[in-house]
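Chain letters run A, B, ... following the sequence lines, proteins first and then strands; every chain starts at 1.
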Amino acid sequence: METKYTFKDFQTDQEVRWCPGCDDYVVLRAVQKALPEMGRKKEDFAFISGIGCSSRFPYYVETYGMHTIHGRATAIATGVKLANPNLSVWVATGDGDAMAIGGNHFIHLLRRNINIKIILFNNEIYGLTKGQFSPTSLIGQKTKSSPYGNTQPPFNPGELAIGSSARFFARIGGNVPKEQTDLFIEADKFKGTALIEVLQNCVIFNDGCFTHYTDKEVKDDKQIYLEHGKPMIFGKERNKGLVLKGLKLEVVTVGENGVTEADILIHDAKESDPTLHLMLARLHYPLATGIIRSVEEPTFEEREETLYNKVKETSKYKTVDDLFFAGEIYEVK
Amino acid sequence: METKYTFKDFQTDQEVRWCPGCDDYVVLRAVQKALPEMGRKKEDFAFISGIGCSSRFPYYVETYGMHTIHGRATAIATGVKLANPNLSVWVATGDGDAMAIGGNHFIHLLRRNINIKIILFNNEIYGLTKGQFSPTSLIGQKTKSSPYGNTQPPFNPGELAIGSSARFFARIGGNVPKEQTDLFIEADKFKGTALIEVLQNCVIFNDGCFTHYTDKEVKDDKQIYLEHGKPMIFGKERNKGLVLKGLKLEVVTVGENGVTEADILIHDAKESDPTLHLMLARLHYPLATGIIRSVEEPTFEEREETLYNKVKETSKYKTVDDLFFAGEIYEVK
Amino acid sequence: MITENNQAKQTRENAVLENVVIRFVGDSGDGMQLTGTQFSDTSAMFGNDVATFPNYPSEIRAPQGSLYGVSGFQVHIGSVNITSPGDSVDVLVAMNPAALKTNIDALKAGQMCIVDTDEFNKKNFEKAHYDTNPLEDGSLENYKLIQVSMTSLTREALSGMGLDNKAVTRSKNMFALGMVYFIFNRSMDHTIEFFEKKFKSKPELVEANIKVLKAGYYYAETMEIISTTYQIAPAKMRPGTYRIINGNTATAWGLLAAANNSGLELFLGSYPITPATDILHELTKHINFGIKTFQAEDEIAGITSSIGAAFAGSLAITTTSGPGLALKGEAIGLAMMMELPLVIIDVQRGGPSTGLPTKTEQSDLMQALYGRNGESPVIVIAASTPENSFDYAYEACKLALEHMTPVILLTDGYIANGSAPWKIKKTSELPSITPRIAKAGTTYNPYDRDEKTLARVLAIPGTPGMEHRIGGLEKDKKTGNISYAPENHEYMVNIRAEKVKRVQDYIPAIRSEFQEEGDLLVVGWGGTYGSLSAAVSQINNEGYKVGHMHLNHINPLPKNVAETMKKFKKIVVCELNKGQMANVLRMNFPEFQYLQYSKVQGLPFTTFELTERFKQLI
Amino acid sequence: MITENNQAKQTRENAVLENVVIRFVGDSGDGMQLTGTQFSDTSAMFGNDVATFPNYPSEIRAPQGSLYGVSGFQVHIGSVNITSPGDSVDVLVAMNPAALKTNIDALKAGQMCIVDTDEFNKKNFEKAHYDTNPLEDGSLENYKLIQVSMTSLTREALSGMGLDNKAVTRSKNMFALGMVYFIFNRSMDHTIEFFEKKFKSKPELVEANIKVLKAGYYYAETMEIISTTYQIAPAKMRPGTYRIINGNTATAWGLLAAANNSGLELFLGSYPITPATDILHELTKHINFGIKTFQAEDEIAGITSSIGAAFAGSLAITTTSGPGLALKGEAIGLAMMMELPLVIIDVQRGGPSTGLPTKTEQSDLMQALYGRNGESPVIVIAASTPENSFDYAYEACKLALEHMTPVILLTDGYIANGSAPWKIKKTSELPSITPRIAKAGTTYNPYDRDEKTLARVLAIPGTPGMEHRIGGLEKDKKTGNISYAPENHEYMVNIRAEKVKRVQDYIPAIRSEFQEEGDLLVVGWGGTYGSLSAAVSQINNEGYKVGHMHLNHINPLPKNVAETMKKFKKIVVCELNKGQMANVLRMNFPEFQYLQYSKVQGLPFTTFELTERFKQLI
Ligand SMILES: Cc1ncc(C[n+]2csc(CCOP(=O)(O)OP(=O)(O)O)c2C)c(N)n1
Ligand SMILES: Cc1ncc(C[n+]2csc(CCOP(=O)(O)OP(=O)(O)O)c2C)c(N)n1
Ligand code: SF4
Ligand code: SF4
Ligand SMILES: [Mg+2]
Ligand SMILES: [Mg+2]
């Protein structure tokens with residue numbers, strides 16, 4: 001490439017049709033800013049989505065894309081990537097699309113570790129169908145389909161994902177474009193299935209559901225932004241930290257009760273044992289954001305490629321015709 | 001009930017049609033022995049299955065049952081239980097039925113915590129369709145559909161289940177009827193979704209896949225049978241044990257290097273934090289069997305019942321007619 | 001259609017009309033749905049017959065002023081029988097340029113167009129892709145244009161109340177409604193009461209809305225811009241207690257009534273999908289009746305949980321729309337094979353695939369009949385109006401429970417969202433429902449059949465002595481055990497088909513409306529009843545001899561369909577698809593020739609296009 | 001049918017036959033499939049025409065000796081054209097009482113029944129529900145019963161080799177095969193070579209099997225139990241190189257050929273299901289050709305991953321059977337809407353629901369045509385013999401790629417598992433395939449269409465300058481962007497249908513075989529070709545004038561169907577369902593009257609039942 005792309009190169013001519021104030025706009029912009037940084041040609045991306053507000057995403061990214069059917073984005077992306085491993089394949093999906101109707105393909109994609117990036121727009125609601133509870137809605141949440149309060153305990157996407165063998169899991173607020181851009185670039189660098197959960201505010205049907213974590217005022221105190229190799233420190237004053245007490249994570253204050261920075265856990269996203277990552281994914285105070293887990297292993301397509309090379313080498317048949325004429329054939333004169 | 005049932009009361013007139021030597025026979029017998037111990041009437045059970053060798057199960061249990069379609073047993077059982085909470089509802093399902101085509105319903109049932117018992121016949125193969133790899137088959141496993149070796153990393157059912165919020169998870173060998181019977185009785189006592197993974201040998205298509213754990217010779221050394229409140233001790237000599245080193249489980253020998261029984265971890269199946277349960281579920285040496293996790297929480301149907309009572313109390317409408325005639329009505333004369 | 005009987009009263013003309021079509025259009029945020037509903041409710045209570053048609057954008061909140069963000073609500077009221085919301089419009093209320101642009105074509109020449117001039121500014125012209133100001137460029141000269149600064153007048157009316165700009169904008173729809181109430185000589189009482197109830201705890205909102213409503217009313221009365229007001233007399237309707245109801249609510253209530261009358265608990269397993277979701281919403285509100293609604297993880301779990309509930313003895317329902325029905329195919333086959341009662345409701349929308357999800361269409365008929373593997377006939381019926389959705393939902397339950405088979409009920413986006421007066425039925429007035437449930441203590445064979453209906457009997461788990469297993473494999477005709485025997489399979493395939501066929505004995509005969517014989521028989525089914533009936537009525541008024549046979553029962557068809565068709569020279573099948581019912585008739589009655597009139601635009605038929613077509617055909 | 005031209009040779013009679021049907025039956029573990037395959041391969045190599053039909057139990061390993069555990073393999077060989085495995089049997093080899101009991105009815109009176117007397121003991125009588133020994137109770141007196149202690153003789157033959165009992169039992173099928181080889185004057189060479197290859201690394205197994213084979217052969221030769229041997233001359237077949245192939249393998253290979261000739265990578269997304277799984281197995285073996293097979297988590301992921309691959313430029317395939325097709329409906333609609341090339345193969349089995357999974361049926365036709373929401377026509381074709389499954393798989397790919405649409409290929413369990421000689425086609429002999437792929441550097445509009453075919457062009461991701469988005473919502477006819485415009489929707493619905501319709505110009509005309517005009521036209525489709533052809537051939541031999549029109553192209557139908565039908569006085573549509581093709585014809589050609597002959601027993605038609613029926617109808 002001669003000239004570097006800017007985010008404008010990834011804008012389409014389509015009018016963006018989300019509700020004014022929806023966090024989806026933030027993610028779109030963050031993606032459009034991240035793509036030029038990935039050192040790939042514009043035509044080498046594919047954005048695949050299902051159905052939902054967030055699934056309109058591909059229409060707005062100037063590259064190849066498919067807006068498909070509800071819940072199947074991960075499975076369709078699987079086919080795109082396997083058929084054409086050179087593409088950088090991205091899935092845009094909602095909490096309903098990915099974890100309600102699409103739950104099966106979601107967990108199987110994570111299990112297989114295909115090099116696909118999933119942006120999960122978690123707004124804890126079905127937006128497009130105008131506000132029913134989703135598999136991440138909270139107990140007691142009042143929605144159109146739970147007028148007296150939701151009775152279904154939610155999934156924690158991080159726990160479900162790591163339980164399905166996710167090797168890359170990150171979480172990020174819906175209102176922090178800069179951090180999102182960084183995360184998307186990191187996800188692209190990761191070789192394997194990468195899941196990025198965005199805490200996306202739906203201004204219409206679930207406004208403020210993440211405010212207690214993401215509001216500018218409280219964000220630094222209520223979230224911990226994890227970085228590999230760095231101590232788990234957070235807080236406006238950057239004086240809170242996480243330590244391990246037995247099998248529990250505890251919040252301590254540096255400088256209090258003799259705690260020093262050296263006592264604080266160092267984040268190791270690359271540890272293959274998921275125990276600590278799961279504890280972080282489960283944490284409510286502070287809420288863990290950033291890259292929680294990032295463990296490279298052979299991808300499915302690499303395993304397939306290896307197998308192909310091996311079988312090709314040893315195969316008796318160079319052409320399809322060889323096969324047709326091999327073995328038990330006979331002549332009729 | 002006057003007279004107590006025996007296992008014979010739960011035998012049907014149908015010829016059992018599994019392959020000679022299949023572990024499914026063992027499980028069937030164990031279930032038939034467990035049912036009389038549950039203090040329920042024979043007609044108050046329902047066994048629901050999908051499709052697969054193991055899914056033939058309901059035909060052989062003399063109570064209510066349905067042999068349905070592939071992958072949907074958990075969803076159908078959900079309807080049975082919600083419609084009729086008095087029933088003791090059991091699902092018989094294979095690794096393919098539950099975790100391939102049925103993966104979505106499986107994780108959602110676990111999330112919702114409906115009081116249903118799932119017996120997962122994990123033989124790491126599709127039996128009924130004559131031997132394709134399943135989502136629990138190992139990398140490299142040669143099957144009809146992976147003649148050069150499987151390339152898809154497997155699920156660990158325990159990890160997937162607990163990642164989906166499973167509150168009860170147990171694992172047991174396919175060849176230990178007595179332990180199975182005990183487990184089924186315990187599962188019945190548990191209030192909530194209970195998953196019992198049976199390591200079931202398929203003599204035809206995947207013979208011996210668990211032998212290194214389940215063979216009589218090695219069983220005591222390679223498995224640890226967990227019991228709530230008891231130390232995590234195993235081994236033919238009962239001198240091996242598990243201790244926690246940081247975030248890793250380690251095997252130690254009691255009497256060596258100053259290790260005493262007091263150092264050994266005590267199994268707490270009822271701890272609501274799943275961290276240690278997940279570590280146990282992931283363990284390869286020894287393989288954890290018995291009840292790994294058993295944490296009671298309100299079931300979905302209880303939450304629904306509570307809601308119903310609340311809404312009923314406050315509702316304006318006593319009858320459907322009340323509703324029809326309420327609000328904006330008008331008379332035409 | 002306005003037929004003016006001029007009767008000058010006071011200084012203004014006051015015309016008496018038989019019926020009138022009013023369309024309110026504005027931004028999604030402009031409250032057009034509420035405005036329309038208020039007008040239609042008020043008119044219904046006044047005694048008019050009423051039909052309504054809401055039409056909203058597929059976006060949740062489209063940008064203000066945009067063309068695709070226009071939301072509309074059409075009301076057809078009359079002193080005569082009203083069967084459809086009407087095609088062309090007599091009064092158009094357009095709150096901004098985008099609304100005007102996208103709706104003006106529907107307004108009849110010479111008729112009234114009321115606009116909020118405050119919104120006709122450069123910014124909004126751009127958004128609506130207007131190059132010039134339509135109020136000034138002469139493009140509206142064929143209409144009676146009524147220009148009102150509604151926003152400013154609303155602001156004025158509210159001045160001193162300390163409300164912010166947003167509140168002002170939000171209530172200007174009441175100004176429009178007030179004006180329309182005046183124009184049609186309607187009382188404001190119903191709407192005033194409505195606000196008093198709705199904002200019980202926010203008296204300032206009650207006050208504001210009423211103020212604006214009255215301001216609009218008095219403005220129209222006072223200013224010399226309205227030259228004619230109209231009178232629409234009460235319609236002759238069957239005496240009784242009425243309410244305005246939309247199709248989805250009527251469907252939900254039909255299910256409630258069936259649960260009540262069958263003595264079973266209702267279980268709904270469903271996954272949200274437009275335009276069916278409101279049935280789930282409605283039923284969920286009423287769990288106090290001991291019904292159970294279960295929002296499942298997907299459509300397959302929706303139906304399969306219902307199958308479980310059916311086995312366990314509930315009145316089992318699943319609701320969906322086209323793509324969801326496709327996903328349920330395999331499970332419908334299972335229910336059919338196990339011969340369990342199950343009601344599947346498909347509120348059809350524009351297809352194929354995701355298609356036009358917020359638009360109407362009738363293109364799932366073949367899918368309903370054939371969308372699953374093997375020979376698997378089920379009962380298929382269709383509702384044809386918002387209000388009879390109640391009856392067909394009820395009948396679907398009755399047929400499922402009494403004949404032990406899945407029943408597919410087809411409705412569509414048009415009747416699901418449209419509304420009309422419903423003469424309320426008491427549950428005690430409805431036909432009885434007798435579920436086929438085995439009584440404890442009798443001997444039980446799961447596949448024993450009733451001699452007449454061929455329906456089997458259900459033994460509910462928990463009943464002692466009736467333990468049994470059923471499944472999706474072919475089963476022995478006697479024992480119900482798995483059977484691979486060739487003749488048994490053929491026998492069972494036949495008997496399952498025969499069971500559905502015999503439902504003919506339990507459904508009413510069909511009849512041709514307007515004419516029992518004649519030159520043309522218009523055949524329709526499902527949600528097009530209103531449009532077809534209006535068109536056939538009109539063409540008969542014009543002296544043609546045209547009948548209207550409208551099918552609600554599709555599989556099986558009523559017994560006398562052929563007999564009914566025989567009496568006409570020509571048959572035209574009109575449907576919002578490419579001819580699916582025509583093909584069903586060809587399969588069943590190949591001895592007739594079927595003309596077709598198809599429309600696949602996501603829209604209902606109009607009277608005009610229908611009558612034109614009928615005339616060509618005769 | 002044995003037409004004996006007695007020609008006594010040596011001491012024994014040696015009859016020359018035109019064709020003969022042999023059925024090998026025994027326990028699942030008795031190796032009947034191998035035995036039958038060896039016999040048919042040897043006969044084919046000798047020059048006979050051949051058709052085979054395996055029939056195994058649905059259980060994986062049923063208990064030994066049980067009735068439902070019987071496994072069979074039927075071979076029909078001839079010096080004449082053989083189109084079906086034949087109905088009734090000339091030689092029955094029954095390895096145990098259960099096998100005898102479940103198969104004896106198929107044996108023609110007076111014909112040869114060979115049994116292993118060692119297995120006729122009390123235990124096995126019980127398992128087979130025989131009250132008395134059938135070899136002694138006179139029940140077999142109408143047959144030429146040949147009693148051989150095969151197990152003992154096998155044990156003897158192997159004595160001294162140190163093999164265990166299991167090995168003895170396993171090879172006794174070779175004793176039977178040896179005998180049959182002698183009876184039909186067949187060489188043992190092919191089978192000997194087979195074992196030499198198969199057990200290359202286990203010479204003791206090679207030796208054992210050959211020993212037993214020869215023992216059987218010489219036993220038959222030596223002992224005076226075989227009074228007649230038979231000669232079946234080579235058939236007149238088109239010269240060339242042949243192999244015996246079953247339908248599933250032929251299907252898989254047709255796909256391989258299409259991938260090769262289209263220059264695209266093949267991608268198969270599939271989920272195992274009987275009887276389709278073998279296509280997945282076969283393709284997976286050949287990943288060395290650069291093809292990709294993906295065993296997905298379910299049918300939906302099977303097809304949707306293929307849709308992804310199609311978008312990415314692969315030749316995309318998904319394989320399944322009835323219940324799986326039901327699950328794929330929604331996704332087929334998506335592919336249809338996006339106008340992507342995709343081949344969906346449905347190997348039909350007995351339905352509805354799980355039905356009779358190991359049996360054959362043709363009851364997915366309507367599902368293939370209509371099993372999804374909205375107006376969503378796709379191409380539907382059907383293979384009709386094991387060997388032409390190759391051609392139709394190939395054609396399915398060609399049509400999909402050249403017309404940019406999903407294509408459903410229907411086969412069935414009968415032709416999928418049956419086998420027949422295939423004159424091998426070189427890939428270079430096949431018609432070319434030209435996928436519609438946009439070339440970099442040209443201007444690209446995703447929904448620009450070819451004038452003749454109306455097919456759009458695919459721009460493969462990775463091609464610079466052609467970035468675009470497609471989806472399941474209705475799209476603008478020009479830009480491909482989302483469009484809710486009413487007329488555009490109707491236009492797009494019509495053009496998608498028209499595109500499929502125009503495929504008529506690219507498929508061959510149909511013709512009626514045997515007679516081009518006459519009293520009766522037998523119409524069939526798909527896998528019944530062999531049975532119908534055999535029956536029509538026979539009835540014409542008997543002097544009737546009956547034609548046979550067999551449809552492989554179903555949507556669209558060939559152009560000259562009506563013309564072809566017109567030439568017959570009566571038409572009877574014969575199918576293994578309740579009349580689905582008859583209804584398709586009624587929809588398309590309502591001007592004809594269609595008689596029907598349906599069979600839904602999980603079994604193919606027999607010549608006898610067909611000819612009887614035809615005679616009744618004429
Ligand atoms: C097969 C099918 N089922 C249901 C729907 C209806 N539907 C569309 S989007 C959606 C859920 C949207 O929620 P989510 O995935 O969280 O996305 P969001 O709109 O919140 O971004 C549903 C239920 C559909 N389009 N197709
Ligand atoms: C919709 C559908 N897809 C596929 C199948 C074919 N099928 C039946 S059982 C089965 C898998 C069986 O494996 P598992 O669930 O592990 O059970 P097992 O036989 O090993 O006990 C498959 C793929 C089917 N019957 N229905
Ligand atoms: S409904 Fe919610 S999620 Fe959807 S566009 Fe609007 S704000 Fe965003
Ligand atoms: S195939 Fe395997 S799992 Fe199935 S019955 Fe036989 S041994 Fe058991
Ligand atoms: Mg959401
Ligand atoms: Mg299995």
(request) Provide the closest heavy-atom pair for A:Tyr148 versus B:Lys310 in the form atom of the first, atom of the second, distance. (result) O-NZ, 4.2 Å
(message) Between B:Glu271 and chain A, with a heavy-atom cut-off of 4.5 Å, which part of the residue counts as in contact: side chain, backbone, both or neither?
(response) side chain
(request) Count the heavy atoms belonging to other residues, nucleotides or ligands that lie under 6.0 Å from NZ of B:Lys312, then report whether that count exceeds 12. (result) no
(message) At a 4.5 Å cut-off on heavy atoms, which part of B:Pro154 comes close to chain A: side chain, backbone, both, or neither?
(response) backbone
(request) Name the option with the most non-hydrogen atom pairs under 4.5 Å to chain B; the candidates are A:Pro298, A:Gly246, A:Ala161, A:Ala100. (result) A:Ala100
(request) Measure distances from B:Thr275 to the heavy atoms of chain A and classify the residue's part below 4.5 Å as side chain, backbone, both or neither. (result) both
(message) If we define contacts as heavy-atom pairs under 4.5 Å, which of B:Asn156, B:Ile139, B:Thr306, B:Leu278 has the most with chain A?
(response) B:Ile139
(request) Look at A:Arg282, A:Met279, A:Glu159 and state which one has the largest set of heavy-atom pairs under 4.5 Å with chain B. (result) A:Arg282
(request) Select, from B:Gly149, B:Ser165, B:Pro147, B:Pro274, the one with the greatest count of heavy-atom pairs under 4.5 Å involving chain A. (result) B:Pro274
(request) Give me the contact list for residues 104-117 of chain A versus chain B, heavy atoms only, anything under 4.5 Å, ordered by residue number. (result) A:Asn104, A:Ile107, A:His108, A:Arg111, A:Arg112
(message) So for B:Leu247, is it side chain, backbone, both, or neither that comes closer than 4.5 Å to the heavy atoms of chain A?
(response) both
(message) With a 4.5 angstrom heavy-atom cut-off, is it the side chain or the backbone of B:Leu160 that approaches chain A, or both, or neither?
(response) both
